[in-house]
Undergrad: 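Attaching a single structure in structure tokens format; questions to follow.
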Amino acid sequence: MGILSTLSSARSGLNAASVALDAASNNVSNASTDGYSRRSVRLTSSDPIQVGSNWRGTGVSVAGVDRAHDVFVNRQLIASAGNQAEAESEYEVLLLSESWFNDVEIDGLPTMLQGVYDSLTQATQDPADETLRRAVANNSVAFATSVSRTAVSLVDLQSQVQDRMSGELSEANQRIQNIADLNRAVIASQGNAADLLDQRDMEIGMLAQQLGVDFHIEDDGSATVLLGGHTLVNGIEGRELSVEHGVGESKIYLGVDSGRTQVSNEVGGSLGGIGTALSRIEGYLDDMDLFVEELSNQFNDQHALGFDSTGAAGQEWFQVAGGGAHLSESFTFNSSLLDDPSLFAFASDASASAGDGGNLRVMIEMETDDAFSASMSGEETLLNLLSEVGEDAATAKRVASQQSVVLTDLQGLRDAISGVDLDEEAANLIEFQASYQAAAKVLRTSSELFDTLMQAVR
Amino acid sequence: MNVYRTTQGSMSRLLTTTAGRLNSEIRRVETQAITGLKLSRPSDGPAEVASALKLQGLIADQGEYEDNITRALSFHSRADDALAQAGEIFKRAKEISVAGASESYDGTSRAAMAVEVAALVESLSAVANTRIGERYIFSGDAYDAPAFDASLAYQGGAETPETQIAASQWTQTGMDGSEVFQGAVDSFATLQDVEAALLADDPATVSALLSDLDAAFTQLTSWRQRVGNEERMTLDAEETAGNVSAILTGEFNNLVQIDEAATYTRLSELQQSYNAAMTVGAASSSGRLFDLL
């Protein structure tokens with residue numbers, strides 16, 4: 001082996017160690033970068049040459065810089081991120097709606113309805129007493145106001161949720177376009193640009209959190225992103241999503257060649273979670289509407305059978321003005337009865353003796369009358385609704401917590417494969433520093449040998 | 001085979017997740033310790049919250065019943081006093097009548113007795129128009145007006161007002177004066193007949209009216225017993241309401257209120273776990289190989 005070939009071999013060693021040190025340095029620099037995949041240098045011995053009957057080595061070559069990556073784990077992680085975001089978003093919204101039914105710390109709807117019946121019970125002391133009648137009126141106003149305020153607040157919450165959906169969808173559309181653009185760059189780099197691939201994985205991950213998407217990698221390196229069975233990104237083409245908000249529901253559409261197709265049922269991620277919460281709130285409002293209708297009928301029908309202090313039949317107790325999307329929004333107590341409590345028709349006879357509480361007695365019995373849907377009383381109906389709201393929020397919280405554990409495990413697995421371990425990188429630095437120093441020493445020794453030879457020839 | 005790497009990111013995430021979970025649990029237990037309640041939102045226990053509210057409603061019902069009972073008892077007491085007074089009036093009328101029926105008194109004496117009996121009629125009229133506040137207790141359900149007018153005609157209502165004292169129990173808080181004073185025996189008429197017989201100096205008629213006086217007295221006593229029965233029933237209801245309220249309150253507290261010792265112990269455990277997690281987290285970020293280079 002000649003001195004020149006020794007010099008060449010040493011130079012390849014220097015180069016390989018330098019590239020490896022560069023990779024380790026890059027890894028250390030990006031140790032905390034989200035979505036970064038660790039790089040590792042793949043070294044191979046250079047092609048040997050045959051000298052006579054012997055094969056002689058020619059040093060080391062850098063076969064490539066690999067990006068530590070596992071597509072299966074990445075797909076699992078992205079799917080899990082979507083599921084976690086879906087459960088978390090649903091819980092966030094339901095937690096807000098639950099506040100309006102929080103009967104633990106404040107007087108909620110069941111307690112306030114109880115207040116109406118309690119004041120009716122108290123009125124039996126003296127059905128003609130104005131103070132007791134006024135208490136009935138005040139409790140009824142408080143209850144009706146609380147019902148309508150709850151309904152209006154839930155409708156407002158729905159509106160805010162729909163605004164958030166619009167904002168998130170706009171971001172999702174931008175991400176879809178970003179992924180298509182990154183696909184274009186990846187195809188141009190023939191799939192070798194690790195940084196571009198990391199960026200694209202990040203974009204897909206964030207899109208998954210918003211929409212719950214899946215993806216697969218094509219032969220040309222591009223990523224095809226799918227929403228259910230629909231393609232969102234195909235090569236360098238990205239499709240646009242749009243949303244239409246209605247009363248208590250939002251429909252998400254995907255633009256296709258022939259127009260658009262509804263994909264609401266396929267949407268997961270935070271948008272899916274928000275959509276689910278939106279429909280749950282709509283369900284609560286529907287339940288409240290039915291309750292308001294049945295309660296109004298119950299009170300108004302019975303009150304109409306009684307007689308007030310002038311001998312006139314009872315007026316409407318509760319009223320529903322209508323006009324809004326939900327009856328419960330405009331649920332009120334008849335202001336005439338509030339202004340003049342003598343109009344309460346507690347008597348069962350038109351002669352209306354002061355102490356005639358015949359109709360009042362029947363109204364009190366309505367408290368336990370199973371006249372509402374599912375053979376429940378009014379109070380039971382409200383308690384049932386409260387349980388439903390609490391159960392929905394508790395379930396969403398439980399699912400979010402479970403998904404969080406799964407996501408953390410998968411993030412740990414991804415870190416184990418693609419993450420940067422600083423101890424490992426420090427060891428690599430020591431190893432390649434030693435390699436570099438050794439190659440440099442070989443280079444110096446070869447150079448001295450070469451100088452010695454030159455002086456001998458001179 | 002992949003080497004399992006412990007990255008900065010995974011360590012940080014583990015620390016953040018653990019701290020987050022512990023913080024959330026600490027906040028939940030702190031809220032319990034501050035409020036004294038196990039449940040602060042429906043989602044903390046939907047079924048428990050519904051049960052607690054149901055119990056709360058039942059407790060409130062008992063409160064209303066107790067309030068009504070207090071008022072009903074004051075009526076019973078007032079009615080009992082009034083009927084006792086009426087009884088005394090008839091006892092006195094009987095004494096006068098026994099004397100008036102005796103041949104040992106003359107017309108002048110009977111005329112004086114008649115004056116006293118007339119006064120008793122006035123007294124009975126006043127008793128029959130007894131009030132609690134503005135409410136006439138013998139006017140039936142028309143209790144906003146006197147039961148009897150100046151001519152002793154009943155002008156009250158025919159129905160008896162009732163107040164609810166338990167879920168399915170009501171007690172009378174008013175009486176039909178026409179039945180009490182003018183039922184099988186007309187108390188006013190009996191006294192007026194005695195007065196007339198005394199004025200007429202007719203001891204035989206006075207004597208004959210003694211049995212009517214006894215009947216009127218018995219009638220009033222009977223009504224007084226009915227009031228007593230109502231009062232006893234109301235007192236029983238009061239005791240029941242108190243007992244039920246205590247039992248329901250106990251059940252409510254079991255459902256809703258915290259076990260303070262267990263809560264503070266749990267809080268202490270969680271705070272120690274949190275401190276340990278932070279200490280381990282801080283230690284894991286040092287002592288890396290890079291520190292040795």
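Quick note on labels: first sequence line is chain A, next is B, and so on, each numbered from 1.
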Undergrad: Hey, does Asp118(A) have a side-chain heavy atom less than 4.5 Å from the side chain of Tyr65(B)?
TA: no

Undergrad: Take a 6.0 Å sphere around CD of Glu269(B) and say whether it holds more than 12 heavy atoms from other residues, nucleotides or ligands.
TA: yes

Undergrad: Under 3.5 Å, is there a donor on one side chain and an acceptor on the other for Arg41(B) and Ser99(A)?
TA: yes

Undergrad: Answer yes or no: is there a side-chain heavy-atom contact under 4.5 Å between Leu386(A) and Val49(B)?
TA: yes

Undergrad: Under 4.5 Å heavy-atom distance to chain B, tell me which part of Val389(A) shows up: side chain, backbone, both or neither.
TA: neither

Undergrad: Atom OG1 in Thr7(B), atom CG in Asn27(A): separation rounded to 0.5 Å?
TA: 12.0 Å

Undergrad: Could you tell me if the side chain of Val405(A) sits less than 4.5 Å from the side chain of Arg21(B), heavy atoms only?
TA: yes

Undergrad: Could you look at Val28(A) and say if it's the side chain, the backbone, both or neither that has a heavy atom under 4.5 Å from chain B?
TA: side chain

Undergrad: Run Asp126(A) and Arg71(B) through salt bridge (charged side-chain N to carboxylate O under 4.0 Å, His left out) and show every step you take.
TA: CA-CA 10 Å; Asp126(A) 185 351; Arg71(B) 178 127 176 180; 3.7 Å; yes

Undergrad: Contact between Arg361(A) and Trp170(B) at the side-chain level, heavy atoms closer than 4.5 Å - yes or no?
TA: yes

Undergrad: Under 4.5 Å heavy-atom distance to chain B, tell me which part of Leu95(A) shows up: side chain, backbone, both or neither.
TA: both

Undergrad: So, Gln122(A) versus Asp67(B): side-chain donor-acceptor pair below 3.5 Å or not?
TA: yes

Undergrad: Drop me the distance from Ser10(B)'s OG to Asp421(A)'s CG, to the nearest 0.5 angstrom.
TA: 8.0 Å

Undergrad: Which bit of Leu94(A) is near chain B, if near means a heavy-atom gap under 4.5 Å: side chain, backbone, both or neither?
TA: neither

Undergrad: Which bit of Leu360(A) comes within less than 4.5 Å of chain B, counting heavy atoms only: side chain, backbone, both or neither?
TA: neither

Undergrad: When rounded to the nearest 0.5 angstrom, what is the spacing between OG in Ser43(B) and CZ in Phe101(A)?
TA: 13.0 Å

Undergrad: By a 4.5 Å heavy-atom criterion (distance strictly below it), what part of Glu162(B) contacts chain A: side chain, backbone, both, or neither?
TA: both

Undergrad: Could you give the distance from OG1 (Thr17(B)) to CG (Leu407(A)), rounded to the nearest 0.5 Å?
TA: 8.5 Å

Undergrad: For the OG1 atom of Thr121(A) and the CD1 atom of Ile165(B), what is their distance to the nearest 0.5 Å?
TA: 12.5 Å

Undergrad: For the candidates Leu14(B), Asp144(B), Asn68(B), Thr173(B), which exhibits the highest count of non-hydrogen atom pairs separated by less than 4.5 Å from chain A?
TA: Asn68(B)

Undergrad: Is the backbone N or O of Ala60(B) less than 3.5 Å from a side-chain atom of Gln114(A), with the two atoms forming a donor-acceptor pair by type?
TA: no

Undergrad: Please report the shortest heavy-atom distance between Gly355(A) and Pro161(B), naming the atom on each side.
TA: O-CB, 4.1 Å

Undergrad: Which of the residues Ala128(A), Gly390(A), Gly419(A), Pro127(A) is involved in the greatest number of heavy-atom pairs with chain B at under 4.5 angstrom?
TA: Gly390(A)

Undergrad: Below 4.5 Å from any heavy atom of chain B, which atoms of Ala427(A) appear? Answer side chain, backbone, both or neither.
TA: both

Undergrad: Would you find more than 12 non-hydrogen atoms of other residues, nucleotides or ligands less than 6.0 Å from Glu130(A) atom CD?
TA: no

Undergrad: Can you say whether Thr408(A) sits under 4.5 Å from chain B via the side chain, the backbone, both, or neither, judging by heavy atoms?
TA: side chain

Undergrad: Can you give me the closest heavy-atom contact between Glu379(A) and Gly57(B), atom names plus distance?
TA: OE2-CA, 4.4 Å

Undergrad: For Gln164(B), which atoms come within 4.5 Å of any heavy atom of chain A: side chain, backbone, both, or neither?
TA: both

Undergrad: Most heavy-atom pairs under 4.5 angstrom with chain B, which of Glu367(A), Arg414(A), Lys397(A), Glu365(A)?
TA: Glu367(A)

Undergrad: Nearest 0.5 angstrom please: Thr163(B) OG1 to Gln125(A) CD, how far?
TA: 6.5 Å

